[in-house]
Amino acid sequence: MDPVDRLTGVGSRVAAQLSRLSINTIGDLLWHLPIRYENRGQIQPLGPHLIGQSALIRVTIDEARALRHGKARLVAQGHDDTGEITLWQFGRFGPTLAAGQQYLLYGEVRTNAHGGLEMAQPELMQSAQHDAILAVYPTTEGLSQIKLRACIDQALGIALHDLEELIPAHIRRSEGWPGILAALQRVHAPRLSEGIPLRNDPAFVRLIVEELLAHMLALRLKHHEFVQNRAPSLSPGGRLYRNLLDSLSFEPTRAQARVLQEIHDDLARPAPMLRLVQGDVGSGKTLVAAGAALTAIEQGYQAALMAPTALLAEQHHRNFSQWLAPLGVSVHLLSGQQSAAERRANLAALADGSAKMVIGTHALFQEQVRFDRLALVIVDEQHRFGVHQRLALSDKGARPDGESLRPHQLVMTATPIPRTLAMSAYADLDLSIIDELPPGRSPITTALIRADRRDELIERISSVCNSGRQAYWVCPLIEDSERIEAQAAESTTAALRESLPHLRIGLVHGRMNSAEKNREMARFKAHEYDLLVATTVIEVGVDVPNASLMIIENADRMGLAQLHQLRGRVGRGATASFCILLFDEPISDKARTRLSLMRETQDGFRLAEADLAQRGPGEILGTRQTGLARLRVADLIQDAHWLAHARDLADALIAENDPNTSALIRRWVGSAQQYGQV
Ligand code: ADP
Ligand code: MG
């Protein structure tokens, strides 16, 4: 639609103000919905039902008293046929309420300490305004409600001619939705006779679900498009995987077996798999990944696993080598730190197909990396990668006979995301959840301790380490400054070395290069250190089962999901583990409640739900939030219960080849590019 300055009364100043509200076109005005309404058309009888509402009342003043002290100028007592109310006037403007007179007043009704009704600074009205439910909009400095309302009125007038109905009639009927124009009229200019629209009004619901539906469409269409590609169909053999299981000292959990079955069903199809596996820290995602990789390898294909850091790539390389080498499968590592000769050898082995399993970091994306028959790409800790990077790897598809095949994609994340949110934010992926931990894990005891009780901590660390266990000390996250963060970690290390001279203390922080980080981590893993001081770089995936104590500084400043990830670094062995969350006084009630939840539960999904409720989806989705974070009428927290339904509707529209899907995406998502490519 046209830019807003085409409207009467909108010059560059108003246009700039509107733009601060993300309103740039006349169409944008339509989706700028009221936050509340004022009913000035109907005189309300006094009574407790008015508490919390703005209302028009007609009262006779029984008594009015001028005040000398305090902020109020006048307090009056009034009544109507059904009740009484106290009225307060402030400031020196407006006529003074006088005893014996009757007034028509508009304002917010509240309750006072004695349970009576009161209204502060009522507006004096001449008469009830007919059919006057007024929409009140979110606005910005300098832009009045009246001006904004006038703009929206004009936009509605234009929409009458211009706006297309994009939802097919049969869906509107089955959902009980009004048409698009009726819905907009209802929310922007409700008629008194129909009452004030609430968020569950069919008009609101239609707009909310239409928006969510459009976002789901953008993602589902990508999914749909992607699975039109061809992929090698891998029949589940299972010999290598069975051999692997035979060599292990444990059985897969039921959840691991179920998820691997879901993966095998996908791999058997000639279309590329696009599956997200969510599993809490320690749920055993690596075994599932290995099972999938072995299926590809057994049938003469190659598999690649991509990790977010060199440290994790090396750890995976060690684990995979231990598991796969005895089965006769060599595991290659591709990382930035290899010598040129090593690298050349690895590249050659990938290109000629002799390397079956490769593990690496971003280095895997590089153009020189060629595969012979790549059938499976596994991405660990997905939230660290952008979709574009995944695409780059998926382009390196298997080309056994010149035909372009896409590899299957398996994405693994340890960030638990509430199911409804995962289904929508990751609507381009199919979802599997490993919702069970391997048996024999001892629970982690979590305690909250004030940062000034440091001496007790020193003793604690000392006794844990003296008994042959290891500990982590996590330094606070300092946003936007790796340098200050590193300095803090260094001075903490120095202080701890002084207090604990008999312990061997290592340090990793984000300013070290990965060779240095790796060396320190490796030494900690080999128990050459008793205590490791670290910044949040150790967050993801690092596995040292002998570590049984973790101390996290400034825990009150971190999100629950992040604390949960960090805490997952302990409790990996059989001994009882402890996690100590340090906080500084004063601590807000909210932060205290949050930290208490850490003490109560080790269920990552519960913690994620709490994060979602308190901090919104951005916290949980990280880089994924781009599209859904820019919702106009829907709200991911309030309207989360509509997401699954919106996704079903999106699939229905795709299935029936609805002609308006792209227009819907354009209306609400803008360019679908912001979701990138799957
Ligand atoms: P994550 O899901 O966090 O990546 P890992 O795959 O690293 O978890 O597994 C954590 C630990 O649990 C590893 O030492 C792994 O060998 C072990 N493990 C995996 N599956 C099982 C199982 N079914 N029974 C016992 N231990 C298991
Ligand atoms: Mg892992």
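We count ligands from 1, going down the list as the structure has it; atoms in each ligand are counted the same way. Side chains included, hydrogens not; waters and symmetry mates left out as well; all remaining heavy atoms used.
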Asker: Heavy-atom count check: over 12 atoms from other residues, nucleotides or ligands less than 6.0 Å from E251 CD?
Answerer: no
Asker: Could you check whether H408 and D266, counting side-chain N and O atoms only, form a donor-acceptor pair closer than 3.5 Å?
Answerer: no
Asker: Mind checking whether F320 and H316 have parallel, tilted or perpendicular rings, split at 30° and 60°?
Answerer: perpendicular
Asker: For F250 and ligand 1, does the shortest N/O to N/O distance drop below 3.5 Å?
Answerer: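 No; every N/O pair is 3.5 Å or more apart.
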Asker: Find all atoms of ligand 1 within a distance of less than 4.0 Å from any non-hydrogen atom belonging to T286, and give their numbers and elements.
Answerer: 4 (O), 5 (P), 6 (O), 7 (O)
Asker: Would you mind listing which atoms of ligand 1 come within a distance below 4.0 Å of any non-hydrogen atom of T253?
Answerer: 23 (N)
Asker: List every atom of ligand 1 that sits less than 4.0 Å from any heavy atom of R572, numbering the atoms from 1 in the order shown and giving each element.
Answerer: 3 (O)
Asker: Short list, please: which atoms of ligand 1 are under 4.0 Å from a heavy atom of V281?
Answerer: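 Those atoms are 3 (O).
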Asker: Which of the numbered atoms in ligand 1 are below 4.0 angstrom from a heavy atom of E251?
Answerer: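 So the atoms of ligand 1 that pass are 22 (C), 23 (N), 24 (N).
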Asker: Show which atoms of ligand 1 fall inside a sub-4.0 Å distance from at least one heavy-atom site of P252.
Answerer: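 Close to P252: 23 (N).
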Asker: Salt-bridged, R258 to D435, with N to O below 4.0 Å?
Answerer: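 Looking at R258 and D435, the cut-off is met.
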Asker: Distance under 6.0 Å and angle within 45° of the ring axis: does R569 meet both against Y472?
Answerer: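 Ring-cation test returns no.
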Asker: Can you tell me if G279 contacts ligand 1 (heavy atom of the residue under 4.0 Å from the ligand)?
Answerer: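 Checking ligand 1 against G279, which is what was asked, there is no heavy-atom contact under 4.0 Å.
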Asker: Have N319 and Q315 got a donor and an acceptor in their side chains that come within less than 3.5 Å?
Answerer: no
Asker: Atoms of ligand 1 less than 4.0 Å from D280 heavy atoms?
Answerer: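 Numbered from 1, ligand 1 contributes 2 (O).
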Asker: Is the terminal nitrogen or CZ of R504 (NZ for Lys, CZ for Arg) located under 6.0 angstrom from the six-membered ring centre of Y529 and within 45° of that ring's axis?
Answerer: no
